[in-house]
Every structure is written in C-alpha cells, then in structure tokens.
A.B. asks: 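Below is one structure. I have some questions about it.
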Amino acid sequence: MLKSLSYLLLLLPMLSAVAIAFAPTKSAKWIAAASTSVIFAISVMFAWAFTGWSSGAIAPLDAVTPILPEFGINISLGASSVGVMLILLTAFLMPLAMIGSFTAIREREKEYYAWFLVLEATMLGVFLARDAVFFYTCFEFSLVPMYFLIAIFGGAERRAASIKFFIYMFFGSVFTLAGLIYMAVQYKLQIGNGWSFDLDTLVAFSSNPEHMSKSQQFWIFVLLMTGFAVKVPFFPVHTWLPLAHDQAPTAGSVILAGALLKFGTYGVYRIALPAAPVGAIELDQFFAIICLIGIVNAALICWVQHDVKKLIAYSSVSHLCFCMLGMFSLNSVGTTGAFMYMINHGLSTGALFLCIGMIYERYHTKDMDKLGGLFRRMPVWSFFMVFFTLSSLGLPGLNGFVGEFLCLMGCFTADVDAVAGYPGLLGPWYAIIAVLGLIVSAMYLLIMLGKIVWGPLREPLDHAHTSHAASALPRDLSLREISILTPIALVSLFIGFYPNPMLAPIGKDIEESLASYPKLVEEYRQNGSLVWPESAKSDGVARTELDTPTMAKSR
Amino acid sequence: MIELASLSNLTAQALGTFVPAILSDATSNGIPASIAAPELRWAGLILLLPVISAVLCGLCAAMRVKSKLPGLITAVSLVASFGLTLWLFLSLSNADGPVAARTVHLFDWITLSWEPTHQHAATRWTSVTAPFALYIDSLTLLWMLFVTGLGSLIAIYATEYMESDVGKGYARFFGCVSIFLFAMGALVMGGNLILLYLGWEGVGLASYLLVGYYYTKPSAVDAAKKAFIMNRIGDAGLALGIFLIWVNYGSLEYSALFEAMQGAGADGASASWTREAIPYLIMLGAFGKSAQFPLFTWLPDAMEGPTPVSALIHAATMVTAGVYLIARLYPLFELHPHALETVAWIGCFTALLAATIGMAQYDIKRVFAYSTVSQLGYMFLGLGVGTSFGAVYHVFTHAFFKALLFLCCGAIMHGMAGQLDLRKMSGLRNVKGFGIISWTFLVGCLCLAAFPFSSGYFSKDAIIGQAFASDNPNFNFLGWVAVLTAGLTSYYAFRVWFRVCGGPTKYEAGDEVHSDADEAHDDDHGHGHAPAATTHHAAEHWHPHGPRIAINAVLLVICAGALLAAVPAYNAMSGGSNWVQRMVAHSSAFEGAQLHDAHGAEHAHHALSFTGIQDVHTATSVVASVFGMAGLLIALYLHLLNRSAADHLRNGLLSNSLTRWLPIAMENKWYVDEIYHWTFRVPLWALAHVSHFADKNLIDGVVVNGVARLPMDLARLFQPLYNGVLQGYAATMAGGLALILAWVFWIWMQGV
Amino acid sequence: MTTFASISLMTTLASTDVMTAKLTIIAPEILLFIGAVVVAVLGLSRAPAVRRSVPLVTSLFLALSIAVTAYVYRLDAVYAANVPMPELGSYAKIVIAVIGILLVMVGSSSVDRRLEEAFDSGRAAFDPIRVMRGEYFAFFLLALAGAMLLASTSDLIWLFLALELASLPTYVMVAVSRGTRRAQEAAVKYFFLGAMAAAVSLYGFAMLYGATGTLDLIVMKAKLAEQTAAGGLSALAVLGGVLAILGISFKLAAVPMHFYAPDVYEGAASHTTAFIAFVAKIAGVLALFSVLSVFWTSEGLPATLTVVLWMVAVLTMTLGNIGALLQRNVKRMMAYSSIAHSGYILIGLLAGAAAGGYQAALFYLLCYGIMNTAILAVLASLERAGEEVETMEDLAGLRQRHPILAWMMAASAISLIGMPPLLGFFAKFTIFTAGIEGGQTTLVIIAAVNSAISAYYYLQLVTVPMLGTPNARTEGVHTIPSAWPRYAAVLCGLGVIVLPIGVSSLVKAAAVVGSENAASPTADSSDNQLNAR
Amino acid sequence: MIDAIMNSSHVLVLATDSASDRSSINMALLLSAILFTCGLIGFLSRRNMIIMFLCTELMFQASALALIAFGKVHHDVSGEVFVIFILTVAAAEAALALGLIVLLYRRRETLDSEAWSELKEA
C-alpha cells in the first residue's frame, strides 16, 4: 500500500507532465490542476497509511529499483515523519499554485504546467529518497524545471536570474555530491561489502568514530553543507534568492519558497547533521553566527526594499536563517522549532507570494511606491495579505509563531538544558540577537502593510490603460483566488492553535535521527572539544584524507 | 441592550458589597497549589464567545451586511461572556474547600517532550508544555470581570458610535473588538506563559488593527505601526524572559512555576545572571504593553483609533496587561527586590513625565492618553513599592473612570464632527444633548484627580501611602513625586473640563465636516457622522448633535461604575475589608513578606510623620488632597475664571529665556519621539541602507559576481595565447612541455 | 628477474600462436580496412546512386565490425594474444563503431554536397578528380580502425602506428570536410602541431625503450616494476613516460597540447568536428591506458607521473571550461568543452584501473561521444545561406521553427553539465567515484567546481535555442535537405535521456580493464598504495 | 636539463655495457637530443611550411637515432625495427604534408604559416 502510493507520488506527476505535453493546450491547466489535486489526495492517503509516525524511525517502503547496482544505487524510497510532512506541504501547495496560475499564464501553457509537474516529481522525490544518489538526482534536477519556469515565464531580467539561479545552485550542490560520494567510497573501502548509497547506511557508517576521523567528519560536513547552504540559503550565499524570486512567476516563487528551499534545510537535517556530528558540532557556532548575520542583515534589507516581492524574498532569507538557527541549537526544542518553521514558512511565504501575484496580475507592478491603500479597492485581498503577513511575523495563534518561538527557545535554552534531557549548543546571546530580527521583521512587514494595504489609495498612473489584460479579473479577488488562499489560511490557523499532531511525531523523528548528538554535545560543552579518534582505524584499512592535497604526499 | 447594561450595573454594585465565601478570611502565606477543575471547562466559553463573534463579524464583512448586525452580535456575545465570567466568579465564591486557583485544561496546544538522555537529567526540563488551559484565581476573575464588563459596555456604546460606518468598516471594527476580547481573555486566563504570550501579541494585533481603523489616514496607519512595533520590542523582552523562566524553573505553567519559585525563594542561593535578568526582561514586556518609559510614546499616538477603542484598549484593559503580568508573576518579583525598585522608579518617573506632557496638550484625547500613561505609572509605582493591592485597585478604578473620560471625549467628538481641540470648544454643558456627557465627564475628572472620597482617591492613596510607609527612603522620595504628580493630574484633568464644559458656550466643528469635501470618494472615512449633504457649505449647515440612548446609557452606567468602584474602600473604612484587597490577597499577586514588614513599620514611623497623623494612609490622603485641590484651583483660575491668564502664563514663560524651554518641551512631549527617531530609527535605517548596499554591491556585486566573473577574466587572460598563429601555438605547447619537464626534473631531483 | 625471463621466453615460444591470436582480435579493424578500400572505390563511381550509397556502406562495415567484435571477443584468442588489456577492445571497439555509425549519419550528405548538387542539376559534369566523398569515408574508416587498434596494443610500435593511423586521416578529413579556407587552415594547424606532438611522443617512446630495452608493453611493465623495486625508476623511464604522455595528450587536447583544438574544431565542418572530438579523444585515452598501465606498480603510478597528470588534469579542465565561457561560436565552444572533458577523463586515468578509473573513463567516452555528437549533429543539420550554422546568434529561437532539434540540443547540453538523471551525470558520477576511491578527492572537488563553471556555457546552448527570440539572422536558418543528421541528433538526444535506464549494463560493460588484469594493479595493491600514503 | 638526463642515462649505460661503447652511444644519444632540439627550434622559428615540416622530420629522425642507440645498448633489434616503421610513417606524413601544402599554396600563393591565422580567439 505504502509502497504503491509512494511510487504513485513519483510517477503521477511525471505521467501528467507527459500527458500535458501531448494534450491540447486548452486542457493543460485543467490536467495540471486535477493531477496535482489527485497527488495531494494521494499524499494524504500516504500520510494516513504511513507507519512511522510513532516510532520516528525512517520507514523503508521496500521499494527498491536498482539503477546502478554496481555502485549500490537504487531508487529506494523511505520516509520519516519529517519527510512525510514536507511531502504533504509540497503536495498541498502545488494544486494551489497551479490554480493560482490560471489567469497569469496565457502563453506556452503546456510547457508551464508540464514543467511544474516535473518539478513536483523532483520535490516529492527528494523527500522520499532513501538513496543518496536518488536524493541528489531529485535535488539537482529540480533546477531544470525551475530554470525553465524562471527563464520562460519570469520578469524582465528573467534570463540573468535563471542562469544565476541555476549556476549558483549547481555550484553548491556539486560539493554535496562530492561529499556523498566520499562517504560511499569510504564505506566501500572500509566495510569491504561492496558499494552502498543507502542514506541510512552511509549516515550510520560515517557518524561512527571507528570509521571517520575528526578531520574527515569535518570536511564531509563542509562539503555537504556547501550545497545545502546555498539552497537554504545561508547569509553570504543568499543573493540568488531575491533575484530568482523577483523574476520567477508567482507559482514559481510559491514553490521555490514553499518547497524548494526546504531541500536545503531538509538536507541538513536528514544528511549533514546525522552523518557528520563532529563536523556539525565544531562548526556549529560558525554556522549560528552566519545565521544571525543572515537574520539581521536580511531583515534590515527588507526594510529598505521598494519591490514587495523582493521584500518577501529577503524575508525568506531572514526566516530560513531563523530556522537554521533553531536547528543548529542541536537540542530537541530548537530542531522541532526548525521543522515547524520549515512548514510554516512554506505556508505563509507561499501564500504571500500568491497574494502579491494577484496584485501583479491586476496592476503589473510590485513597486510599493506605486501601490497603496488597496484595502479600499480589495478588502478581501487585503484580509488575506494582512493575515499571512501576521502569520509570517509570527503572531501567536497563527502557524508562524510555533516554529519561531520554539526555534528561539531552543537556541536560547541550548546551553542551559545540558542539565536537562537534551543538551544543545548556542545560548542566550544568540537568541538575543535573533530577537532583534524578530523586531525588525515586525517593522518591515508592517511598513509593507502600511504602504500597500493601508493608507490613501494609490494605483499606478497608467493602470487604466494597462488593465485590459486584467479586465477578466474582478476588482477584488475572484472566487478562484479566494478558494486558493482560504485553505492556506485555514491550515495556518489550525497549526497555530493545534500544532500538537505535528509536534509529537516530529519529536520522535528528531530523537532518532540526531541520536548521537546529546552525548557528543555534552562532551563538547564540558571539554570544549570532542574525544574522537584522529585516525579512526589503523589496521591497514585504506583511508584517503580529504584535507591533504594529493601532491604533497605523492612522493 | 439597556437590560444588559443594567445587568452590568448591577454586577458592579455586587462587586462592591459581595464577599465571596472562599475569599473571606484566608491569611495563608504564599500561593496555594492549584486544583485541576475539569468541571469548569465551560469557562472556555468566555474565550470562545468572542471568537465566534469575530468569525460572524468576518462573515458579515464578507457578505457585505449593511446593518448593525455585527455590532449586535458582538455586544450580545460579549455580554454573554461577561455573564459567564460573573457566573464563574459566583460559582467559585460559593464553592467550599481550600482557597486555591483552578486550572482548566481545554486542549493541548504545544507539547514537546523528550527522553532525558542521561541520568542526571532533572525531570522538569524534559518538556516544554503549553496546553490551552485556564488558570483561574481571584486575580484572573477580578481582571476578567472588568475586562468583559467594560468590553460589553463599550461594545454597546460603539454600536451607536460607529453607526456612520455601517456597511463599511462596521463589521471590521466589531470583529477586531471581538478578537481583542478573546486575546485579552487568553492573556488573563491563560494557564501558562506561552498562552499569556498569545494573548499578549493578540491584544497587540487587535490594537494594531483598531488604531489603524481609519486606514486612509496616514497618521492612523503610522500610529498603528508604531504601536505594534514598540509592543514588539517589549514582547521580545517578554519572550526572552519566558525562556529564562523555563531555564530556571523548568516549566511555563503557572501552577508548577509558582511552586518552583517558592522553592527558589526559600533557598535563594543561585544568583546567576540568567535568574537576575528575568524580572527585567519581563518588565520590558510589561512596559511595552503598558506604555511606560521608555516605550510609552506609542500610546498617545494610538488615539488615532476610534474612541471606543481608546477607551477599551488604550485606557481600561489592554494597557493594564503589564500590571497584570507583574502582578501575576509577583512571586517572581519578590525574589528580586531590586527589580521591584526599578519598577517603582520607572513607574513614578513615567507618571511625572506623562503628567507634564499632558498638561500642555490641546487635544483632549491626547491629554487623557498621557493621563493614562501617567496613571499606569502610578500602578507600576504601586507594584514597585510593594502594594500589588494598590496597583490592582488603581487598575480597577482607573478602568472605569478613564473609560468614562474617553467615552465622553468620544461622545463630544461624535457630536462635534471630530473636534478635539480644547481651545475650540467651550461651555458644552449648556449645549443641548451634551448634558449627560458634561456631568459624567466631571465625575470622571474628579476620580482621575483623586478628589477626596472618589474612587481614584482611594486607589491612588493606597499606592502613595505605601510609598510613604516604606522604610526605603527612595520610596519616600517617590511618594513625594507621586503626590506632586497627583497635583498635576488634578490640574490637567480640570483644565480639560473647565475649558470644554465650563465657561461660555462656543464651539467650532471639527475637520471632519470638511474632510468629506476634500476626499469626495472617501467612502470609509469618518469619525462621528457628518451627513452626506455637507459636501458644500458644510460648516454652515453643521450643528452639534448630542448622543442618543446607547451612548448616554453607557456613559451613565460607567459613571456609576466609576463612583461605585470606591465602595470596597468605604467598606474597608467602615471596618470591613476591601474586596479588591481580598481578591488580590488570594492570588499570586499577594504581597508576601515585604508587605508585612511595611505594616509593622506603619504605626511607628513613616515619611509623613511630620503631619502629625499616625496612620500613613490618612496622612497621605491629606497631603495628596492638598496637592490635588491646589491643582484644581489653579485649573479653575487659569481655565475657567481667567482664561487669558493661561496664555499670559505661557507667554511669560516663553519670553523668559531661562524658562522658555519648559512649555516648548512640554508641548513637544519632551522630544522623546524625536530622540528615538534620531538615536534608534535613523541609525538603524542607515544601517539598513548600508546592508542593502553591501548586499547588492559587495556580496552580490563584488563577491558573487566577482567569483562568477573570475573564470571569464582568467579566460581573457589566456585569450592572447590563442592567437591563431601556428608558431605561436607550437611555441606555447613547447613552452608548456619544457615547463612540465623542468618541473618533473625538479620533483625527481627532490625525490632522489 | 625470473618472472621477466619466463615471460619473454613464453612470448618467443608461443609467437606463432600469439600472432594468430593477434590477427584474430584485430578482425574488426581488418574489416574496416577492407571497408575503406571498398568505400574509396565506390566513391569514384559514375553512378550517383552508388556514390550516394557510400555512407550506407560505411555504416554497414561499422555495423559488421560491431558484430565481429562481439564475436571475436568471446574467443580464447583474446587472452592468447598477449595483450596487456585483453578485454579492452570488447568495449572500446564497439563504442568506437557505434559512435562511428552516428557520426556517419551526421556527415552522410555533407561532404561533396554542393558538388553532387551541381552534378545532379547538370551544372557540372562528373569528374572523378573532384569527388571526395569516397576518400572522406575511407579515411573515416581508417581513422576508426586506428582508434580500434589502440585498444589491442601490445607494444610501442603498434601503439605508435595505431596512433598515426588514427591521426593522419583526420588531417585530410578536416581539410576536405568543407571547401572553405578555414577548413584548410584548420587542417594545416592540426597537421603540423600533430606532427610535432607525434615527434614528442615518439621521442618519449624511444626513451622508454632506452630505459627498458624492450618495446613489448608487458615486458616493459615488468622491467619498470623491477626498477621500482630496486630503488626507483630511472630518469630515462620517467622522462620517456612524461614525453609519451604529453605527446599523446595532444590527441586528448589536454593542456599544454590543446592549443590547436579551438581553431581546428571551428575550422572543420560540424560533422568532422564531431568526428575528431570523439575519435581523437578515444584514441588518446586508449593510448594513455597503454602507456600508463606500463607504469602502474603495486605502489600506483610513480610520483612524478602522478604529479604531471594531476597538473595536466587540473589545467585541462580549468582552461577548457574558462575558455568556453567567452565563445559565441558553438563549435569553438564545443572545442573547449572537449578539452574540459579530457580533464575529467584524466581523473579516471589517475585513479587507476583498480579504483574503477579506467572503467569510468571508458564509460565517460561513450557518454561524451553521444552528447557531443548530439550538439554537433544539430549544427550539422542546419544551414544558413549555404553556410554552416555555428554561432549562438544563428541558433536564437531555434525552438520555434525546429522544436525537436532545439530540445535535443537542450537535453544534450544539460546532460553535458552533468545534470542527473541524464547520461552526463552518470559519466561524471563514475569518474568522481573512481577519483575519490583512487585517492584523488581534491581533484574531484576541482572537477566539481569546474562542472559548475561549465554550466554557464552549456546553459547558453539551452537558453539561446529554447528561449531566445528569433531575429533577422535566424530567419535564414533552415535544415539541410538530408534528414540523416537530424536523425542522428534525435538518436543521440534520446540516448542522453533514455540510456540512463540501462546505465547499469553500460557501466558494467565498461569494466574491461579490471583488477584481474596483469597490466593494472589489483585491488589489494591499490589499497596498499593508498595505505602507504 | 639535458645534461642531467644524459648523466642519468650514463649510469644506465655504465651498468649495461662495456666502457668502450659507452662514449659512442652517449654521443649518439646526445646527437639525437640535439637533433630533436634543433628540429623543435626550427619548427618554432621558421615560417615556411616546408621547412617546418622538415623540422618535424628532423624530430622524428632524432627519435629514430635514439632508438637505434638504445638498441645498441640493449643488444636488441626491436629498436631498429621501430625505426623502419618510423621511416614509413614519416614518408606517409611527407606525402600528406606536401599535398596539404600544395592545396594551401593554391589558395594563397604563399607558404608563410602566419598567413593562415584567420581562426583565432575573437
């Protein structure tokens, strides 16, 4: 059951993409909407049937299709509760994004919807993958549909944006590939049992002090993180995001923020942290500081943005750094918060992009200086905009709060709860700086609201002339648009008031996948370093060091 | 509606006289353990009703209902909510058994627990739980009674006040009011700090939405933004405080928390900064919400909202949340006497500062806004000097009289087309329809000015008296400041009343008559209700109109409430006990050991001993009354008998180079906004631009694009080598060959 | 010493058997030789139909050679031939022939097209002196035969001759591929620089001979191993090795012997560019297999050679990729891309056979052949005003008029980037895996960075045809009458997309230079070598 | 550098052969190196394509000479066999070269290699 559902999750989008390619243009959007809805239904069934909720362990779905058995590469699927949640998120956002594009996309429709379905397949693949290469394949191939979506359907600078997006991402992820291969090669050389690219096997192997020395772990972590950091995106490597978001079509931004960015955070959680605990612990503070800079820097930048879409894009940077800060506090609270943040950021930022897209369809501008006081014109739209803005700034009672609060709390309490059950790193000072981001985020989001929702009515001067395209659209939101935003709002509210059904299974998952941390963290906190064999095995098993160039020892 | 109003009226009376059985004679030291009371689950309806009302209002807005239905829904549900609160109060009062708080678990909200990973782990820290649970003790009940009671009354008032917006912002207004009531309920009744935080931010949201209700006015939008952001600063402190509380006490639920705190008080050993910082961070939150220095500037601006909102949120209820917070966490503050002293200083300073500003304002709503800040300062002073009873009593009385004052202001505004300038109105008591307003207004002013034997008189006295009773000389000093401030309060309150209601009848219409002409399509705009026909020659056709039944009735009821709020004090004077004091004494806000010390000192010696009056409270009342009467008389002279003298005084001060700064600074609110602007906002704004510039040009431009360009530039570097000349290629190849050979040779030599 | 003696004894005693076996395993090449003669003759026929059949006949011979290879490599003769890497041919020869068929399709109608049209329309009378299609395809087959011969090299003479056989025809092919001056210039550069490189490698061979006193690769390997064991390789051997490698790297277009590549690739007609890109590369790689395998000992490659190859690999991939960034001419870009891919392949060579490096390199060559042919086949199937289409500007908005070609180009370009799950990813994946297993992690990371750089220019091949807007210049772009290049493009493009499904068997098939082979280190020795570091 | 290589081959020759042959073989090897270098230098410095081609021939012959010399060292004939093949290949190359050169000369009427530098980096 679970197995066939998981295959269906991967195949249905691909098949629908093919169907769209061969179907008449008019039916493209209907096929897309229908199939993404069906996929969502399947994902719900999948979650329903999923057996790993209570155990927290990764439930293998026994679906192994060998691809390159010589290298132990299979399409093997499995899911943990975190993965299933992200699958649900992705599958939930997709039909909304599709339906949201009905009026916005009027040219090359087939390509548009087909690429989106391909994108969905890759996204679901990432969250279902249990094989490192399959994971990487989906992780990487998602660039292609996104590239086309930006490059064909994007804004004025779409070409540059798409290329930058692609190369930036690709540049990062090749390091991740190198890291994954390195782990697999070490596995082969040390275990002598042939190849394996099974993620769990590799993770268990490389986190074992008998197999990986300190410096190896360190470098594995660096390699893996390079790709994930770009995807997250962390502070100095975030500059692709505003450009890509700014230029992407609305649905592209929704999916980019909603699901694609989660590849990075999910990758860190699923692979980087469990595989290289030593690297993670030693680099923890570095990454935390990077996160802090990211939070504050991006928040400040939001403040001076004129383009509302760029503003939301930068706020994404700030928010995801927040999320990663929670994760890098390495304790239960912070990591749970980080996960909640992933989901909630997907919902609220996705919804905000949808809202902005609706405005853009009507006014053909995203410039906050040209728009203002839209409450008078579009009260329903304004309601949703305000709602999701509040959710984005972490108002308790809405979804954003739970993640944000737990992230902050995890970070803050990390150095104190060593006396408790689940020691973590970081500490109050990190949280205090992060709180500044919280304040500034209220500032820029409310300024944004103050400019476009409230205040005296301001519409673009040439609106009357350019509105012929928008003439099909009502002044305020159409029923279709309302029906896109309402589910997200309801889910936001539900999560805001009843996050427990998510928290419980996640807690288990986190304990399972970060099982090696509490002990190591505590040790690190006590000694300032880790007792870890510098050279793990000295009994004649080959080891290639990452940190010494080949040349130096070639003699 | 009248029935509802009279019901609440009745209740207000009941409050004064009724002595709940369980609250009567307990003198237990410390907070009794709470009792889980699943049978009280229906109390959740108190929170649910406003939510339902908010949803229904939202539906009304969505369906573009063009009637007063939303107002009606809200009023009914709020009154029902009040009724439930009352019922809760009564049912708890009649119950037998020990005096204890009740906890009612509604549903799990945030539950996070993990297996301790090593055996040293203490059990308390292995979970973060914040159920959606109620914590009901007498403090909760006290607060909820006036929150829901005043909420209902003001909702009724607003059904009439907001009628010009029917079909436009009407549903939005009442929806937001409902949200506010829900959030305030969660804040007060919530059983843990995260739920309190939910309410805390929730009331901030409601405040944001309501202050910005007239969203087409940029000033309203700015004020709303400012309110939310300043509150957010406080909230951030509160959040950090909550984390620290968890860190130190391992729980966020009050019941567990108070237990842990009492333990901590007993050992009192650890004094790490994490513990010391808690009260200061909590204070930050309280000061943000309750508009204390340095986070007070948002409150006067928040008067941009509709007046019922000012009355409800920005005078009576929301702004007292800070007092509630500190009162609720009083056991914590008692562990940190220095923190309490800080509270006292800041409260007192704010009281004085705001009073001086209030003296110089011309906008009557602003005067009372500053007055609110000032009175809140009193409450914090009360908390700080150790009389949580005084503080809470002042909250209680202040809720009534300040709501009354604002509602009067609102009624005047409503009738005078938005006129709020006290220089442009005079003698309204004689204008037809403004009688009730004027006289209830007077009652409000009397209470505010702590006129002897008014409710404000007793509550303020409780605070100042405690300051004088204290052994701490600093507190005595603060007491003198408070007394001085009481005089100022009396002055500015009567300045308004004498100007607006006293003197010859003379008025001008407010700007809202004209504003319709200015913005022809401004369909959502409008304080008060300028008729649609006033687009031309508006001012000529305009007449002030008095309020109708709903407003007048509510004014009368609240006026009665303001007067009756003194009843508990009379009861105390006549040998009984003060009902409020008992309510406080049986809650977590009970002043523990500290107060007892002070009481011990009371009869021996106090700072007002020179008056020859033994009882410090009597002495205080005498002294404060003297100051208060002085203020009143000055106001009488300057603003009723000889109004030109006020201008002479002002001009006199202005012409003297030594004193000219004083009126200027006071009229400009001591430039606090400007100081903030230049010390925080501008540098931050500059930093934001620097960040933006750096991000765009340095990180993206130089580093990222530079890295991206590097290969290109390298390629250009090598480009001349591909010059198309055969020999050139051959030479380069041979050169490369030679270089490699040389290198190989070098390596080989090294190796051999 | 005794092993060496016994081996040389065995070779002399069994020499007749060995000779038969050798002739057996070069049966495919012999077939191609025959084919070359046949084709050359057919090309001179007066009948246009016969002349037109030349590409078909060429393909038939190639197909036959595939069958023959498949047959021959199941015989015991393979092991009796005393070839260092006996099974290598089974994969290499088939790959060469398969890609060869695709290349024939690409070039089938291009050579002499104008001339044939003139004959058909009667504007010119048939003149056997002027027709060149026959020669072209004869040379085509000869060069392929040379490349195939490199897969069964057993001594330096064979190696040298096979290299020359793979090279010399290509010089002519470049010259005659199209009638422009640029083609002739390309041929001149190619020839002269090729001659110089050949001289360099020949000198290297001489040094190797001097150092070991034998030309037989197996014996030479034993001798060198003896030297190593006795305290280190002689300078002569190292010098010879370095020179041989650098000379051969001309074929690979590896730094510093790569300078000809951009000019030659640009100057030659597209189909010939595709040809030299693939054939020269596989020839060079096969030759390097032979030379390097001689040097492999239980300790791996000698340090000096490792360093040289390491540097060459890094420079090759880097200079190749950055060079391509500036190009607007697609063929020139593909030249730089070819240089870069040589760099990646060198990782496999450095990693060694035991770590799967040779296997990876062979698989890489197959993938590269398909992807590269796809791009150039698209170019070859287009023309503008009788000229070849070769700049980016010509390709702008190709999708709108020739969607399939544009899609194929895009797919191949994305595959060249190394995007999973397309073919190029698996090529890179195997190389990277082998590289890391062979202890070349740093090199792999450099390669990874390089493949990110390469994304920029490959994306142009996606962006411009798929998303560009057609302009006045592209109005004139249309397909050439012959559909074969288009078929080739589609075949290659589909291969890029579809072959990953069967990638397992392709990779497995490439495992022909395994650890059981005498000429390459065993798994144990590889481990020891790694351990020794 | 050449010196160093000669020295090292010196060691090798010493080990394998008698002292009398040593100098003549070394001389042959030296000559081969000089020939190769001359060929290379000529190839780089001359522009006439025929001369350039002859220079590559010189390099080929240098290798051939080295092969013969080494054959002498090792008392092995395979070096000489190789030389015969080299000569054949050289002849084939010569034919090709002349053909190409004639083709080019017809186009441009010059044998200057620099005349053919149309293809280059833009």
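Chain letters run A, B, ... following the sequence lines, proteins first, then strands; residues in each count from 1. Computed from heavy atoms alone, side chains included, the values below leave out hydrogens, waters and symmetry copies.
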A.B. asks: Work out which heavy atom in Gln184(C) is nearest to a heavy atom in Leu103(D); give both atom names and the distance.
C.D. replies: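 Gln184(C) and Leu103(D) have their closest heavy atoms at CG-CD2, 3.8 Å.
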
A.B. asks: Heavy-atom distances under 4.5 Å only: say whether Leu104(D) touches chain C with side chain, backbone, both or neither.
C.D. replies: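 For Leu104(D), the side chain is the part near chain C, not the backbone.
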
A.B. asks: Using side-chain heavy atoms (C-beta onward) and a distance below 4.5 Å, is Glu93(D) in contact with Glu164(C)?
C.D. replies: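 Sidechains of Glu164(C) and Glu93(D): in contact.
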
A.B. asks: Just by modelled atom types, is the Thr214(C) backbone N or O under 3.5 Å from a matching donor or acceptor in the His74(D) side chain?
C.D. replies: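 No.
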
A.B. asks: Given the options Ser78(D), Ala66(D), Ala64(D), which has more heavy-atom pairs under 4.5 Å with chain C than any of the others?
C.D. replies: Ser78(D)

A.B. asks: With a 4.5 Å cut-off on heavy-atom pairs, point out which of Asp263(C), Leu326(C), Asn329(C), Val264(C) contacts chain D the most.
C.D. replies: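 Greatest number of close heavy-atom pairs with chain D: Asp263(C).
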
A.B. asks: Which one, Tyr171(C), Phe205(C), Phe160(C), leads in non-hydrogen pairs under 4.5 Å with chain D?
C.D. replies: Phe160(C)

A.B. asks: Could you tell me whether Phe33(C) atom CZ has more than 12 heavy atoms of other residues or ligands within 6.0 Å of it?
C.D. replies: yes

A.B. asks: So which part of Glu121(D) gets closer than 4.5 Å to some heavy atom of chain C, the side chain, the backbone, both or neither?
C.D. replies: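 Backbone plus side chain of Glu121(D), per the 4.5 Å heavy-atom cut-off to chain C.
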
A.B. asks: Go through the atoms of Ala195(C) and report whether side chain, backbone, both or neither lie under 4.5 Å from a heavy atom of chain D.
C.D. replies: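 For Ala195(C), heavy atoms of backbone and side chain both lie under 4.5 Å from chain D.
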
A.B. asks: For Phe259(C), is it the side chain, the backbone, both, or neither that has a heavy atom closer than 4.5 Å to a heavy atom of chain D?
C.D. replies: neither

A.B. asks: Check whether more than 12 heavy atoms from other residues, nucleotides or ligands sit under 6.0 Å from atom CZ of Arg46(D), and answer yes or no.
C.D. replies: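 Incorrect, the count does not exceed 12.
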
A.B. asks: With a 4.5 angstrom heavy-atom cut-off, is it the side chain or the backbone of Arg328(C) that approaches chain D, or both, or neither?
C.D. replies: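 Neither; nothing under 4.5 Å.
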
A.B. asks: Side chain, backbone, both or neither: which part of Phe43(D) has a heavy atom under 4.5 Å from chain C?
C.D. replies: side chain

A.B. asks: Kindly indicate, with the supporting measurements, whether the criterion side-chain contact (heavy atoms from CB on, under 4.5 Å) is fulfilled by Phe70(D) and Leu236(C).
C.D. replies: CA-CA 11 Å; Phe70(D) 283 129; Leu236(C) 216 47; 3.5 Å; yes

A.B. asks: From the options Ile86(D), Val89(D), Thr88(D), select the one residue that forms a side-chain contact (heavy atoms from CB on, under 4.5 Å) with Leu161(C).
C.D. replies: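 Passing option: Val89(D).
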
A.B. asks: For Ser63(D) and Leu202(C), work out which heavy atoms get closest and say how close.
C.D. replies: CB-CG, 3.6 Å

A.B. asks: So which atom in Ala199(C) and which in Met59(D) form the shortest heavy-atom distance, rounded to 0.1 Å?
C.D. replies: CB-CB, 3.5 Å

A.B. asks: Of the backbone (N, CA, C, O) and the side chain (C-beta and beyond), which part of Ser113(D) lies under 4.5 Å from a heavy atom of chain C, both, or neither?
C.D. replies: neither

A.B. asks: Given that the side chain runs from C-beta out, which part of Leu40(D) has a heavy atom under 4.5 Å from chain C: side chain, backbone, both or neither?
C.D. replies: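 Just the side chain, heavy atoms under 4.5 Å.
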
A.B. asks: Indicate yes or no for a side-chain donor-acceptor contact from Glu118(D) to the backbone of Arg181(C) under 3.5 Å, with no hydrogens or angles considered.
C.D. replies: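 Between the backbone of Arg181(C) and the side chain of Glu118(D) there is no qualifying donor-acceptor contact (under 3.5 Å).
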
A.B. asks: If you round to the nearest 0.5 Å, how far is CD of Glu266(C) from NZ of Lys120(D)?
C.D. replies: 11.5 Å

A.B. asks: Any side-chain to backbone donor/acceptor pair from Tyr203(C) onto Phe36(D)? Under 3.5 Å, distance only.
C.D. replies: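 No, Tyr203(C) side chain to Phe36(D) backbone: no donor-acceptor pair under 3.5 Å.
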
A.B. asks: Is Leu156(C) close to chain D through its backbone or its side chain, or both, or neither, when contacts mean heavy atoms under 4.5 Å?
C.D. replies: both

A.B. asks: What part of Tyr209(C) gets closer than 4.5 Å to chain D, counting heavy atoms only: side chain, backbone, both or neither?
C.D. replies: both

A.B. asks: Does atom NZ of Lys22(C) have more than 12 heavy-atom neighbours, drawn from other residues, nucleotides or ligands, at distances under 6.0 Å?
C.D. replies: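 Above 12, so yes.
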
A.B. asks: Counting only non-hydrogen atoms closer than 4.5 Å, does Ala97(D) touch chain C with its backbone (N, CA, C, O), its side chain (CB onward), both, or neither?
C.D. replies: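 Both backbone and side chain.
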
A.B. asks: With respect to chain D, which residue among Val238(C), Leu165(C), Val188(C), Asp155(C) yields the maximal number of heavy-atom pairs within a distance under 4.5 Å?
C.D. replies: Val188(C)

A.B. asks: Top residue by heavy-atom pair count (under 4.5 Å) with chain C, among Arg107(D), Arg108(D), Glu57(D), Met52(D)?
C.D. replies: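 The answer is Arg107(D).
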
A.B. asks: Just one of Ile84(D), Val81(D), Val83(D) clears the side-chain contact (heavy atoms from CB on, under 4.5 Å) bar with Ile157(C), so which one?
C.D. replies: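 Of the listed residues Ile84(D), Val81(D), Val83(D), the side-chain contact (heavy atoms from CB on, under 4.5 Å) partner of Ile157(C) is Val81(D).
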
A.B. asks: Roughly how far apart are Phe85(D) CZ and Leu215(C) CG, rounded to 0.5 Å?
C.D. replies: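 Separation between the atoms: 10.5 Å.
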
A.B. asks: Identify which part of Phe53(D) has an atom lying under 4.5 Å from any heavy atom of chain C, answering side chain, backbone, both or neither.
C.D. replies: both

A.B. asks: Looking only at non-hydrogen atoms, find the nearest pair between Leu168(C) and Ala92(D) and report the distance.
C.D. replies: CD1-CB, 4.3 Å

A.B. asks: Is it true that a side-chain atom of Lys189(C) and a backbone atom of Leu119(D) form a donor plus acceptor pair closer than 3.5 Å?
C.D. replies: yes

A.B. asks: If you count heavy-atom pairs under 4.5 Å with chain C, which of Gly39(D), Ser32(D), Ala69(D) comes out on top?
C.D. replies: Ser32(D)

